[in-house]
2 protein chains.
Amino acid sequence: MPPNETIDRASYLPAYAQLVNILKDKIASGELRPGSQLPSEAQLCERYQISPMTVRRSIGDLVAKGLVTTTQGRGTFVKSVHIGEVSFGLGDFKGLFGEKGDTKVRLLGARIVRANKRLARKLSVREESRVINIRRLLINKDVPVLFHEEYMVYDPSLPIVEAEMEATSLAGLFSGHATSDLKGGHLTIEATTLDKEEAELLGGEVGEPAFRLAHTFYDFNDNPFSWGWFIAQGKRLSFRTSLGIFEHTA
Amino acid sequence: MPPNETIDRASYLPAYAQLVNILKDKIASGELRPGSQLPSEAQLCERYQISPMTVRRSIGDLVAKGLVTTTQGRGTFVKSVHIGEVSFGLGDFKGLFGEKGDTKVRLLGARIVRANKRLARKLSVREESRVINIRRLLINKDVPVLFHEEYMVYDPSLPIVEAEMEATSLAGLFSGHATSDLKGGHLTIEATTLDKEEAELLGGEVGEPAFRLAHTFYDFNDNPFSWGWFIAQGKRLSFRTSLGIFEHTA
DNA sequence: AAGTGGTCTAGACCACTAT
DNA sequence: TAGTGGTCTAGACCACTTT
């Protein structure tokens, strides 16, 4: 478990990764405390008999992991932990899906509506223009876990529903192959409570805590083409992360 | 705005960053669509007259940004967007603090309690052992924005309250200088609703949507020493992020 | 066999910080 | 001035995928 103090050139693990592990362990064990300075790159080269570019790669990895900071002319230092820099992944959201095959999508409705003011602004279309509204329920092992409501611009030049629906298909977005028409989007996570309809669909109680994941997706002309949100019960979902050094970083 | 098609060796911007921008723009403009293959590293070396290591650094940056993937023996390809890989930061949380000077912390109470079963498990102490309980209210411009409840192990060998309180002081954790006794921790974000007490403290309504950010912090012996949570009204907070290519990536 | 990315060398010069 | 990290070169050899 304790890594050797030398680089094993025969190891399947590349030299830079071995050095990362060595330094990481020194930090995790407290041998290198937050604020203390790491050996200089030249010293690490000499100590472990590896070339400068390899040492730099190792240190770059540690910087990327948020474990150290470098300052030109000063040196490399172990960072102390800051909550503000933590990031959470949406992988937890994906966990609602479970194993493939367990998950089904039930289409609750698809219709064409006229854009009100808010919708017109969100999709950059004129008020009263036609917009596709799609409502889906995601079911995992017969348990409804996610409600999705989405509005998409209606482009008469396209074969409507199938193409549009595939564009932001749940499976594609979360785990599989998204379309190449999607340039990117914005997401926000909000706290909310279930309303009557959502509670019925998800099998929960009205007023129960829930997450709303709102999305806007853009095409390669930077025009929004989809706006909507996912609703998940709070009890079925939480976002987890770690600060500092933990197994999962290994 | 459109970057030149050559590397400017006189630019203050390093060569690898210039190549990153060139490739990023080709992706953003749709010239390189999701799924399509980038020129090989050798071709990029030739085309832009830079050495292999420099090209690799550029591509490494794009991989880190999640814009491309590389497969040994196959090539480098533009990724399509996947929600599951998105991550969002706690910077939004930090936004509750506002400009420095606007923010005050009011100590609502600090006392020593006996650990119940749950608390004993969370802090890895025996049931009935003594634990410090601290409750704070964070106030920004006279508006209460954050309620913090925390339990810490009571170590009789330390000068109690001040040392312990500083260990996870709000200011230190979110923006400033954390102590070097903190190795790391686990965080979870949950959806919840305000109970009566929280509603009174935060000036909200009972049952109103809220976020709970729960934390456990560990020392360098991997012993948990702090467990607790922050409560923020949902209307004062949302977590935002982007997928794909947007300005903020520049 | 040809082409691709993955690792690594052994230096070079530059920009910045400290003394 | 000495020491630090930041960038970059011009190759090398390896592992892997595809034809």
Side-chain angles (χ1 to χ4, degrees), chain A residues 3-4 6-24 26-27 32 34-79, chain B residues 3-4 6-24 26-27 32 34-79:
Chain A
N4 284 330
T6 61
I7 304 296
D8 174 11
R9 312 312 293 236
S11 168
Y12 69 97
L13 208 61
Y16 75 87
Q18 293 183 51
L19 180 53
V20 165
N21 286 336
I22 289 172
L23 295 173
K24 215 165 56 179
K26 284 187 193 295
I27 295 172
L32 285 171
S36 62
Q37 184 170 14
L38 269 66
S40 75
E41 298 182 356
Q43 287 169 332
L44 291 171
C45 290
E46 168 64 21
R47 168 71 180 80
Y48 295 102
Q49 291 295 300
I50 49 187
S51 78
M53 284 296 283
T54 304
V55 168
R56 285 196 64 73
R57 160 123 196 217
S58 303
I59 291 178
D61 282 12
L62 292 174
V63 170
K65 282 188 204 195
L67 294 178
V68 305
T69 56
T70 58
T71 310
Q72 185 173 145
R74 290 214 324 132
T76 303
F77 300 85
V78 181
K79 273 190 15 179
Chain B
N4 284 330
T6 62
I7 304 296
D8 174 11
R9 312 311 293 237
S11 168
Y12 69 97
L13 209 60
Y16 75 87
Q18 293 183 50
L19 180 53
V20 164
N21 285 336
I22 289 171
L23 294 172
K24 215 165 53 179
K26 285 187 193 295
I27 295 172
L32 284 171
S36 62
Q37 185 171 14
L38 268 66
S40 75
E41 298 181 355
Q43 287 169 332
L44 291 172
C45 291
E46 169 64 21
R47 167 71 181 79
Y48 295 101
Q49 290 295 300
I50 49 186
S51 77
M53 283 296 284
T54 304
V55 167
R56 284 196 64 74
R57 161 123 195 216
S58 302
I59 291 178
D61 281 13
L62 291 173
V63 171
K65 282 187 212 215
L67 294 178
V68 305
T69 56
T70 57
T71 311
Q72 185 173 149
R74 290 214 327 132
T76 303
F77 301 84
V78 181
K79 275 193 4 184

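Chain letters run A, B, ... following the sequence lines, proteins first and then strands; every chain starts at 1. Since the model is a prediction, treat every value here as computed from it, not as a measurement.
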Novice: With sequence neighbours excluded, what pairs up with A:R47 under the salt bridge (Lys or Arg N to Asp or Glu O under 4.0 Å) test?
Specialist: A:E5
Novice: Between A:V68 and A:L38, is there a side-chain heavy-atom distance shorter than 4.5 Å?
Specialist: yes
Novice: I'd like to check the side chain to side chain contact (heavy atoms under 4.5 Å, CB included) partners of B:T69; sequence neighbours left out, ordered by chain and number.
Specialist: B:F77, B:K79
Novice: List, with names and distances, any nitrogen or oxygen atoms from the protein found under 3.5 Å away from nitrogen or oxygen atoms belonging to nucleotides 7-9 of chain C.
Specialist:
unit_1: C:dT7; atom_1: OP1; unit_2: A:Y16; atom_2: OH; d: 2.9
unit_1: C:dT7; atom_1: OP2; unit_2: A:R57; atom_2: NH1; d: 2.8
unit_1: C:dC8; atom_1: OP1; unit_2: A:A15; atom_2: N; d: 2.5
unit_1: C:dC8; atom_1: OP2; unit_2: A:A15; atom_2: N; d: 3.4
unit_1: C:dC8; atom_1: OP2; unit_2: A:Y16; atom_2: N; d: 3.3
unit_1: C:dC8; atom_1: O3'; unit_2: A:R9; atom_2: NH2; d: 3.2
unit_1: C:dT9; atom_1: OP1; unit_2: A:R9; atom_2: NH2; d: 3.0
unit_1: C:dT9; atom_1: OP2; unit_2: A:S51; atom_2: N; d: 2.9
unit_1: C:dT9; atom_1: OP2; unit_2: A:S51; atom_2: OG; d: 2.9
unit_1: C:dT9; atom_1: OP2; unit_2: A:T54; atom_2: OG1; d: 2.8

Novice: With A:R56, which residues qualify under salt bridge (Lys or Arg N to Asp or Glu O under 4.0 Å), at least two apart?
Specialist: A:E41
Novice: Whole angstrom is fine here: how far is it from CG in A:L38 over to C1' in D:dG3?
Specialist: 16 Å
Novice: Under 3.5 Å, is there a donor-acceptor pair between the side chain of B:Q37 and the main chain of B:R74?
Specialist: yes
Novice: Enter the distance from A:L23:CG to A:Q18:CD here, rounded to the nearest 0.5 Å.
Specialist: 12.0 Å
Novice: Determine yes or no for a side-chain-to-main-chain donor-acceptor pair under 3.5 angstrom, with B:S11 supplying the side chain and B:I7 the backbone.
Specialist: no
Novice: Using the test side chain to side chain contact (heavy atoms under 4.5 Å, CB included), find all partners of A:P39 that sit at least two apart in sequence or belong to another chain.
Specialist: A:Q43, A:L44
Novice: Using a 4.0 Å cut-off on heavy atoms, which residues in residues 68-78 of chain B reach DNA chain C? List them by number, or say none.
Specialist: B:T70, B:T71, B:Q72, B:G73, B:R74, B:G75, B:T76
Novice: In this structure, how many angstroms lie between the P atom of D:dG5 and the CG atom of A:L62, rounded?
Specialist: 13 Å
